[in-house]
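None of the values given here were measured: they were computed from a predicted structure.
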Amino acid sequence: MSVNKGFEQVSKSPRKKGQFTSPNDEPLGKPIGVRLPPSLEAWISEEAEKQGINKGNLIRKLLAETKSYRTQQSA
């Protein structure tokens, strides 16, 4: 039986005027669409499951880590 961990994270998020707020440090912008090769999508799905987060949160986390790393390297 699979557990919808993404729902749990959203359901525990604070609400503002009856709407969910972002559990992230900054508000989310417009959604973007990216096509991935099946092997990369499978890895993202597996890694998100291991970490207990949804794929979108994993992708945001990986991008933020990459941004932080590159910012430190260029300083």
In Å and rounded to the nearest 0.5 Å, what is the CD to CD1 distance from Glu47 to Ile53? 8.0 Å

Is it the case that one hydrophobic cluster holds both Leu58 and Leu63, taking links as side-chain heavy atoms less than 4.5 Å apart, direct or via other members? yes

Walk me through whether Gln51 and Asn57 qualify under side chain to side chain contact (heavy atoms under 4.5 Å, CB included). CA-CA 10 Å; Gln51 295 188 28; Asn57 284 342; over 6 Å; no

Distance check, rounded to the nearest 0.5 Å: Ile44 atom CD1 versus Asn54 atom CG? 11.5 Å

Sidechain N-carboxylate O distance under 4.0 Å for Lys55, Glu41: yes

Tyr69 vs Gln73 side-chain heavy atoms within contact, under 4.5 Å: yes

